[in-house]
Number of protein chains: 2
Amino acid sequence: MRGRISRTSGYPIHFWLLECFGAPVMPEDIDARRSEYPIIVPMDDGQSDGVVEDAKCVTLARIDAVGYPLGKPPAKINIRDVAGQAGVSVATVSMVINQNPRISRATRAKVNGVIQQLGYSPSRPAQTLSGKYTQVLAVLLPALRHALADTYFGELLSGVVDRAGKLGHKIIVEQTKPQYLKDHKHIELFERKFVDGVLCLGFNDKHHLLADFLARQYPAIMVDNRYSEYKLDFVHCDYRQGAQQAMNCLIQLGHRKIAMIYAAPESATSRDVLDIYRQRMMALVGGISEKWMVDGMFTAEGGAIATDKLLSEAPDITALLCGNDKMAIGAMHSLIRQGLRVPQDVSVVGFDDIQHLPFISPGLTTVHLPLYELGALAVERLIERTHDKISHIHEVLPTHLVLRESTGMVRQS
Amino acid sequence: MRGRISRTSGYPIHFWLLECFGAPVMPEDIDARRSEYPIIVPMDDGQSDGVVEDAKCVTLARIDAVGYPLGKPPAKINIRDVAGQAGVSVATVSMVINQNPRISRATRAKVNGVIQQLGYSPSRPAQTLSGKYTQVLAVLLPALRHALADTYFGELLSGVVDRAGKLGHKIIVEQTKPQYLKDHKHIELFERKFVDGVLCLGFNDKHHLLADFLARQYPAIMVDNRYSEYKLDFVHCDYRQGAQQAMNCLIQLGHRKIAMIYAAPESATSRDVLDIYRQRMMALVGGISEKWMVDGMFTAEGGAIATDKLLSEAPDITALLCGNDKMAIGAMHSLIRQGLRVPQDVSVVGFDDIQHLPFISPGLTTVHLPLYELGALAVERLIERTHDKISHIHEVLPTHLVLRESTGMVRQS
DNA sequence: CTAATACGGTAAACTGTTTTAGCAATATTG
DNA sequence: CAATATTGCTAAAACAGTTTACCGTATTAG
């Protein structure tokens, strides 16, 4: 049974009703700590406006999913209150909080007891002000509208948020719109002491904001890409390996006329895939035609348009390597629309292995990129970097091919 | 030439060596500010451990970064430096920064000039410590793995991040795993002064953590849902209206045997849709069968399974109302797999209108939810709420139906 | 012509931590 | 047994801002 407390002022606070006029009410599923309040208790049941004026008769416990006792302003207590109550100095409390071994076991226990009892938790702004670290990292995203609704970023971000949480860090998310950069907000992130470091997702050689971090020696890691011009820290998936895996697969199935739908050649990892494609084609057929490489803009629509173009200029291709899954889906639709079967007539391989590609048929053979793990790794390294434990971060994560139905033996014709 | 200052204790600080024993060393590219330190100066060149004991003889300048003073810690300047340079008091500078109208135009201009010239930017932790607000909001997500990779959350989050940026607020993103709640991290968000308020995405009646915010009167808004038991602030899409729109459409097309694939009945907005469905069916055919309502778990797979079940128990249904697009896609695949045509045999309507539903055919008729706008609105209201400008936030955003190919006239049979 | 008010600015108190230098008391060493 | 080290803790100085109470002028009102 539930009640609602309206203190003479302030918002109502919800309570479990433990007892009313001596009659116990549902003692189970209730937090152990109980409290008595001289208060007004209007009931929630129907419209009984009945109010218990002198509420000494009711015993209540706050509804607190996690429940510890509480009233609204816990009369903000600070480190001095704790020190006073524990009979030690402020410095001692600080050292207990920060696990400084100079404090004896006995003192530590005593102080921790008081901290518990008073429900003290140190103010982060104050800690940051006098300490060295903010324990906050930023994730920077390019200025694409709805960038976050992209599963590619979502997967990376999931890894970032999860690992950061585990390591006691908070993540703030920012979009680098033109105005944002003009206002130097990305520099302010450091200069106004918002963060210890930044993770840059979705950037490529064209995004010069990264040089700003380098120049000022602020910790920044490029995630799933690298910067060609500057020696910026990075972690990314092994796109070269992925491309090799995809090409191996197609070549072993007998394909020779393999076309490629790429995107964003201003990105180093995109060029990695193109490079490998070129190398393998060179070795395979002794030459490459630029007509077999079309830009698909990383979108499904772009992939479809690219495929249309490809089919009109080189109708005899038997396989398609796509720079990401979205373009591969677009490509498959274009193929099917033109009466070609996948994989009987044309095989298709993608990149990313995005989750929940719902009911795409045939299932798309694709290079799995460990994006979640990459996000987690990036956080791990960035924190080490902010603590000056490591300096140069150049790390690459292995990929693997996921075989589904969109690839098959080359057609006999 | 570089030197490193090791003060008798503490971390080394890197300096340019301007002069040593009277001999000038590289006077150019050096910041104007110089200082004399009675210190030990081990040289950086090779391993010369040579130490200048009485360092009165050396003149040093901090190494500061690009453009202006170069170096590791860019000689952090604070409000007092600005005040000194501008010949005013610290309070005046503070008031200029905060656009306090008490400062005259002339003084304001002078101070702003100095701020510009010195490249000063106020420390956020310090502002937070003495001020009232953190200018940071948190987005809380449920503990779903890869939650962020979901376009539903992505769309909401995009709106949140965009609007927050515009309003000068930062967004931190957190996942409420069980351990997170056990550690009271969601309460710490406020008590340790991390944030001014929280936005709760993806929560429903089962998530009792929301009561904690209510109990302590911390600003919290439930986004795209509401809490049945407590009077928590919320903004959500008008699911009732959406359901009406979907039902109107189907009924106008002549459908009478309409089934529903719902999900998460512990969510108030999900129940809204179910309610409307029930009402309309009651009015339409004078009764409803529980067999016509199946839980699809909000996933494509779930939608497919639910449809299988539906078809086996009630093969004569002619239309399907689905609680979200993913389930609708699953449903369509199940229908097609069983040899039924969409929309000729069965019409399908979804909810969400997720972007880039690439090449689903037939195109899915669906209720468009303004998720991006909802995220933006939530931020707007939350900020107003933290500044005590408004108290009760109960806002609902209109939906509209997007007609595509998955709906058609009821079949004649 | 005096009192009241507005204007523009300042000194000082305050926010809540961490860190450093120092100080007793005890433990170890020569 | 004196000299030195170690241990356990404290006082006080940062850290970088905001806010409040107050203080001369200058203007306006009575």
Side-chain angles (χ1 to χ4, degrees), chain A residues 73-112 114-115 118-135 188 190-194, chain B residues 6-11 13 39 73-111 114-115 118-135 188 190-194 196:
Chain A
K76 246 350 217 173
I77 54 167
N78 59 26
I79 199 171
R80 262 165 268 266
D81 300 330
V82 175
Q85 187 76 15
V88 297
S89 77
V90 169
T92 303
V93 178
S94 174
M95 288 169 142
V96 168
I97 292 168
N98 295 294
Q99 324 234 45
N100 189 315
R102 270 170 59 185
I103 304 301
S104 71
R105 191 174 302 276
T107 311
R108 182 190 312 280
K110 181 173 61 184
V111 171
N112 275 325
V114 174
I115 286 176
L118 262 46
Y120 164 74
S121 50
S123 151
R124 208 21 14 236
Q127 288 183 312
T128 300
L129 184 59
S130 59
K132 204 175 170 191
Y133 302 111
T134 66
Q135 310 251 68
E188 274 193 358
F190 289 98
E191 302 206 329
R192 301 192 57 191
K193 245 189 165 196
F194 273 111
Chain B
S6 296
R7 289 167 303 175
T8 42
S9 65
Y11 292 99
I13 304 175
I39 33 113
K76 257 336 239 177
I77 54 169
N78 59 28
I79 199 171
R80 264 162 264 265
D81 300 330
V82 175
Q85 187 76 19
V88 297
S89 77
V90 170
T92 303
V93 177
S94 174
M95 288 169 142
V96 168
I97 292 168
N98 296 294
Q99 324 233 46
N100 189 314
R102 266 171 62 182
I103 304 301
S104 71
R105 191 175 301 275
T107 311
R108 182 190 312 279
K110 182 173 61 181
V111 172
V114 174
I115 286 176
L118 262 45
Y120 165 73
S121 51
S123 152
R124 205 29 9 235
Q127 289 183 311
T128 301
L129 182 59
S130 52
K132 202 173 171 192
Y133 302 111
T134 66
Q135 309 252 68
E188 275 193 356
F190 289 99
E191 302 205 330
R192 301 191 56 191
K193 245 190 166 197
F194 273 111
D196 294 332

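The shown structure was predicted, so the numbers you read here are calculated from the model rather than taken from an experiment. Chain letters run A, B, ... following the sequence lines, proteins first, then strands; residues in each count from 1.
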ask   = Roughly how many Å is it from CZ in B/Arg80 to P in D/dA14, rounded to a whole number?
value = 11 Å
task = Can you measure from CG (B/Asp81) to CD1 (B/Ile115) and round to the nearest 0.5 angstrom?
result = 12.0 Å
ask   = Does any N or O in the side chain of B/Arg192 come within less than 3.5 Å of the main-chain N or O of A/Ser121, such that one atom is a donor and the other an acceptor?
value = no
inquiry  = Tell me the interatomic distance from B/Arg108, atom CZ, to C/dC7, atom P, rounded to whole angstroms.
reply    = 14 Å
task = To the nearest Å, give me how far apart NZ (B/Lys193) and C1' (C/dT15) are.
result = 7 Å
For atom CG of A/Leu129 and atom C1' of C/dC14, their distance in whole Å = 13 Å
message = Heavy atoms only, 4.0 Å cut-off, all strands: where does A/Tyr120 land among base, sugar-phosphate and nothing?
response = sugar-phosphate
ask   = Across the strands shown, which category fits A/Val90 at heavy-atom distances under 4.0 angstrom: base, sugar-phosphate, nothing?
value = base
request  = Please round to the nearest 0.5 Å and tell me the distance separating atom CD1 of A/Ile77 and atom CD of A/Gln85.
outcome  = 9.0 Å
ask   = So what does A/Arg124 touch, heavy atoms closer than 4.0 Å: a base, only the sugar-phosphate, or nothing?
value = nothing
message = The criterion is side chain to side chain contact (heavy atoms under 4.5 Å, CB included); which residues satisfy it with A/Ser130, sequence neighbours excluded?
response = none
ask   = Which nucleotide, C/dG8, C/dT17, D/dT20, lies nearest any side-chain atom of B/Ala91?
value = D/dT20
key: N/O donor-acceptor pair under 3.5 Å between A/Asn78 side chain and A/Arg80 backbone   = yes
ask   = Within this structure, what is the CD1-to-C1' distance between A/Ile79 and C/dT17, rounded to whole angstrom?
value = 6 Å
DNA chain C contacts made by residues 92-101 of chain A, counting heavy atoms under 4.0 Å = A/Ser94, A/Asn98
query = With respect to the phosphate group of D/dT10, does any side-chain polar atom (N or O) of A/Ser89 fall under 4.0 Å of OP1 or OP2?
reply = yes
task = Please report, rounded to the nearest Å, how far the P atom of C/dG8 is from the CZ atom of B/Arg105.
result = 10 Å
inquiry  = Measuring only between side-chain heavy atoms, which start at C-beta, is A/Thr128 closer than 4.5 Å to B/Leu129?
reply    = no
query = Are the side chains of B/Ile97 and B/Gln127 in touch, meaning some heavy atoms are under 4.5 Å apart?
reply = yes
query = At under 4.0 Å between heavy atoms, what does A/Ile103 touch on the DNA or RNA strands: base, sugar-phosphate, or nothing?
reply = sugar-phosphate
query = How many Å lie between NZ on A/Lys76 and C1' on C/dG16, as a whole number?
reply = 10 Å
inquiry  = Nearest heavy atom decides the nucleotide; on that basis, is B/Ser130 or B/Ala106 closer to the 5' end of DNA chain C?
reply    = B/Ala106
query = Rounded to the Å, how far apart are A/Tyr133 OH and C/dT19 P?
reply = 10 Å
